[in-house]
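Note: hydrogens, waters and symmetry copies are ignored here, and every other heavy atom, side chains too, is used. Keep in mind that this is a model prediction, so the values were computed, not measured.
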Amino acid sequence: MAADEDLFEKLASSGVLSREVVERAKRMKGFRNILVRRYGYVDDRIVYEMVTGHLNDFDTFRKEVLNVLAEERRG
């Protein structure tokens, strides 16, 4: 298991991220890897659709982390 995937799993097991957000993060990482390694072969329309269609994934990730930090501050 790659270090970043292990990090996602640790965040899930400690209750920082939901399983759904962890799976989204793993898919985002995979998409990023395709963009970096196969840049010249990627269809720009697909990239645009993926990015604009999944911007809320970043917001969901951020909200889950901030909720845990707020709970820690209160507790």
Are [Y] and [X] connected into the same hydrophobic cluster when the rule is that any two of I, L, V, M, F, W, Y join if their side-chain heavy atoms are below 4.5 Å apart?
| X | Y | value |
| --- | --- | --- |
| Tyr48 | Leu55 | no |
| Val65 | Met28 | no |
| Phe31 | Val42 | yes |
| Val68 | Leu11 | yes |
| Leu66 | Phe58 | no |

*asked:* For Arg27, is there an ion pair with Glu23 - N to carboxylate O distance below 4.0 angstrom?
replied: no
*Using a strict cut-off of less than 4.0 Å between a Lys/Arg side-chain nitrogen and an Asp/Glu carboxylate oxygen, indicate whether Glu49 and Arg45 qualify as a salt bridge.*
no
*asked:* Determine whether a donor-acceptor pair (N or O, by modelled atom type, separation under 3.5 Å) exists between the side chain of Glu64 and the backbone of Ser18.
replied: yes
Let me confirm one number: the [atom1]-[atom2] distance from [X] to [Y], rounded to the nearest 0.5 Å.
| X | Y | atom1 | atom2 | value |
| --- | --- | --- | --- | --- |
| Arg19 | Phe8 | CZ | CZ | 11.5 Å |
| Leu17 | Glu9 | CG | CD | 10.0 Å |
| Glu20 | Asp57 | CD | CG | 8.5 Å |
| Arg38 | Ile34 | CZ | CD1 | 9.0 Å |
| Lys26 | Lys29 | NZ | NZ | 9.0 Å |

_Note, Arg62 side chain near Asp59 side chain (heavy atom, < 4.5 Å)_ =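 Contact flag for Arg62/Asp59 side chains = yes.
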*asked:* Taking the side chain as everything from C-beta on, heavy atoms only, tell me whether Arg73 gets closer than 4.5 Å to Leu69.
replied: no
